[in-house]
Undergrad: 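First, the structure itself, so that you have it in front of you.
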Amino acid sequence: LGENARKLQDIGFLHLYIEDGNFLPGISFGVDAVRDVAPYTSAELDAHLMVTRPDAYIRGLADCGVRRIAVQVESCPYPSRQLNTLRRLGVKAGLALTYKTDVRILENYADLIDYVLLWTNESDCADLAFKPHSYERIRRAREMVGDGGENWADGGVTKDILKAVRAAAVDAVSMGRALLEAADPLAWHRGLMDEAEGDV
């Protein structure tokens with residue numbers, strides 16, 4: 001993991017999927033692994049907590065140097081608590097919504113979030129392709145978070161649809177599978193950036 005993180009550091013950002021086997025069936029890694037990997041890269045680290053108990057991870061990840069953390073609204077009975085904790089720790093506070101969650105919930109927390117992370121497909125289903133209804137969800141989320149917050153898309157975004165996703169008012173996308181499956185991830189990323197004229 002550390003060696004891969006070092007090889008990809010020139011991209012500038014490293015998005016960490018933290019899965020606990022409860023919120024989703026899969027298990028990825030936890031705070032200890034992030035602590036071990038962090039010294040290998042100069043990339044800015046952000047974490048997406050797909051876990052049932054985000055409070056158990058937040059402080060440890062912040063101590064590892066993770067600068068942005070998104071918690072799932074579905075795993076937070078009172079999301080204001082986690083969002084305020086993140087801000088007190090000096091971490092950018094993100095709120096993640098699964099594909100089935102109505103984006104109108106963002107109205108309640110727009111003043112507390114630095115970014116929203118929208119799932120644009122259903123995780124762990126047979127077809128992991130980008131779901132077209134996500135374009136409308138992205139546009140509505142942008143209206144709710146306003147100019148002060150960032151709008152992120154995560155799930156099934158490919159090179160072929162990236163410009164259309166960006167046009168729907170997205171500030172950042174997670175393209176981990178597309179990147180890591182490329183024969184030369186850094187060359188693939190450079191080509192993507194060139195094609196988008198540095199606007200991704």
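Predicted model, so just to flag it, every value in this text is computed and none were measured.
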Undergrad: Side chains of Ser80 and Leu112: closer than 4.5 Å at any heavy-atom pair?
TA: yes
Undergrad: Could you tell me the separation between the CZ atom of Arg190 and the CD1 atom of Ile11, rounded to the nearest 0.5 Å?
TA: 9.0 Å
Undergrad: Listed by chain and number, what are the ring-ring contact (aromatic ring centres under 6.0 Å, His included) partners of Phe130, not counting sequence neighbours?
TA: Tyr135
Undergrad: In terms of side-chain geometry, is the basic nitrogen of Arg142 or Asp171 positioned less than 4.0 Å from the acidic oxygen of its partner?
TA: yes
Undergrad: Is there side-chain contact between Leu49 and Leu61, with at least one heavy-atom pair below 4.5 Å?
TA: yes
Undergrad: Decide yes or no on side-chain contact (heavy atoms from CB on, under 4.5 Å) for Leu89 and Arg59, but give the supporting numbers first.
TA: CA-CA 8 Å; Leu89 293 172; Arg59 184 172 293 277; 3.4 Å; yes
Undergrad: Any side-chain heavy atom of Val51 sitting closer than 4.5 Å to one from Asn22?
TA: no
Undergrad: Heavy-atom distance under 4.5 Å between the side chains of Arg140 and Leu106, does that happen here?
TA: no
Undergrad: What do you reckon, is CZ of Arg67 surrounded by more than 12 foreign heavy atoms closer than 6.0 Å?
TA: yes
Undergrad: Run the side-chain contact (heavy atoms from CB on, under 4.5 Å) test against Ile105 and tell me which residues pass, sequence neighbours left out.
TA: Val73, Leu97, Thr101, Asn108, Tyr109
Undergrad: Can you check side-chain contact (heavy atoms from CB on, under 4.5 Å) on Tyr57 and Asp20, steps first, answer last?
TA: CA-CA 11 Å; Tyr57 297 78; Asp20 65 354; 3.6 Å; yes
Undergrad: Any salt bridge linking Lys92 with Glu44? Criterion: basic side-chain nitrogen under 4.0 Å from a carboxylate oxygen.
TA: no
Undergrad: Using a strict cut-off of less than 4.0 Å between a Lys/Arg side-chain nitrogen and an Asp/Glu carboxylate oxygen, indicate whether Arg6 and Glu3 qualify as a salt bridge.
TA: yes
Undergrad: Output, in order, the C-alpha distance, side-chain angles, deciding distance and verdict of side-chain hydrogen bond (donor to acceptor under 3.5 Å, both in side chains) for Trp119 and Gln72.
TA: CA-CA 10 Å; Trp119 290 24; Gln72 287 290 152; 2.9 Å; yes
Undergrad: Rounded to the nearest 0.5 Å, what's the gap from OG on Ser75 to CZ on Phe23? Could you check?
TA: 5.5 Å
Undergrad: To the closest 0.5 Å, what do you measure between CD1 (Ile69) and CG (Asp46)?
TA: 9.0 Å
Undergrad: Write down the atom of Val37, the atom of Ala5, and the distance for their closest heavy-atom approach.
TA: CG1-CB, 3.7 Å
Undergrad: Are Val34 and Ile18 close enough that some pair of their side-chain heavy atoms sits under 4.5 Å apart?
TA: yes
Undergrad: Any side-chain heavy atom of Val71 sitting closer than 4.5 Å to one from Ile58?
TA: yes
Undergrad: With a 4.5 Å cut-off on side-chain heavy atoms, are Thr41 and Leu8 touching?
TA: no
Undergrad: Hey, is Lys100 close enough to Glu74 for a salt bridge, meaning N to O under 4.0 Å?
TA: no
Undergrad: Compare every heavy atom of Gly155 with every heavy atom of Thr120, then report the nearest pair and how far apart it is.
TA: OG1-O, 2.6 Å
Undergrad: Taking all heavy atoms of Val91 and all of Ala62, pick out the closest pair and write down the distance.
TA: CG2-CB, 3.7 Å
Undergrad: Output all residues satisfying salt bridge (Lys or Arg N to Asp or Glu O under 4.0 Å) with Arg87, sequence neighbours left out; order by chain, then residue number.
TA: Asp114
Undergrad: Please state whether the rings of His15 and His48 are parallel, tilted or perpendicular, taking 30° and 60° as the class boundaries.
TA: tilted
Undergrad: Are Leu1 and Leu186 connected in a single hydrophobic cluster, I mean Ile/Leu/Val/Met/Phe/Trp/Tyr linked by side-chain heavy atoms less than 4.5 Å apart?
TA: no
Undergrad: Taking Arg137 for its side chain and Tyr99 for its backbone only, find out whether a donor-acceptor pair lies under 3.5 Å.
TA: yes
Undergrad: Using a 4.5 Å cut-off on heavy atoms from C-beta on, say whether the side chain of Trp152 contacts that of Ser174.
TA: no
Undergrad: Could you give me the CA-CA distance, side-chain angles and deciding distance for Thr85 and Arg88, then say whether side-chain hydrogen bond (donor to acceptor under 3.5 Å, both in side chains) is met?
TA: CA-CA 5 Å; Thr85 296; Arg88 280 196 299 272; 3.3 Å; yes
Undergrad: Can you name the nearest heavy-atom pair linking Ala141 to Leu118, along with the distance?
TA: CB-CD1, 3.7 Å
Undergrad: Applying the 4.5 Å side-chain criterion to the ILVMFWY set and letting contacts propagate, would Phe29 and Leu180 be lumped into a single cluster?
TA: yes
Undergrad: Can you name the closest pair of heavy atoms from Lys159 and Met175 and give their distance?
TA: N-CE, 3.8 Å
Undergrad: Report the distance from atom CG of Asp154 to atom OG1 of Thr98, rounding to the nearest 0.5 Å.
TA: 12.0 Å
Undergrad: I need the Gln82 CD to Asn84 CG distance, nearest 0.5 Å.
TA: 9.5 Å
Undergrad: According to a hydrophobic-cluster definition based on side-chain heavy atoms being under 4.5 Å apart (Ile, Leu, Val, Met, Phe, Trp, Tyr only), do Phe13 and Leu16 belong together?
TA: no
Undergrad: Minimum heavy-atom separation for Gly156 and Asn121, please, with both atom names.
TA: N-ND2, 3.5 Å
Undergrad: Say whether Val66 and Tyr40 are linked into one hydrophobic cluster, either directly or through other cluster members, by side-chain heavy-atom distances under 4.5 angstrom.
TA: no
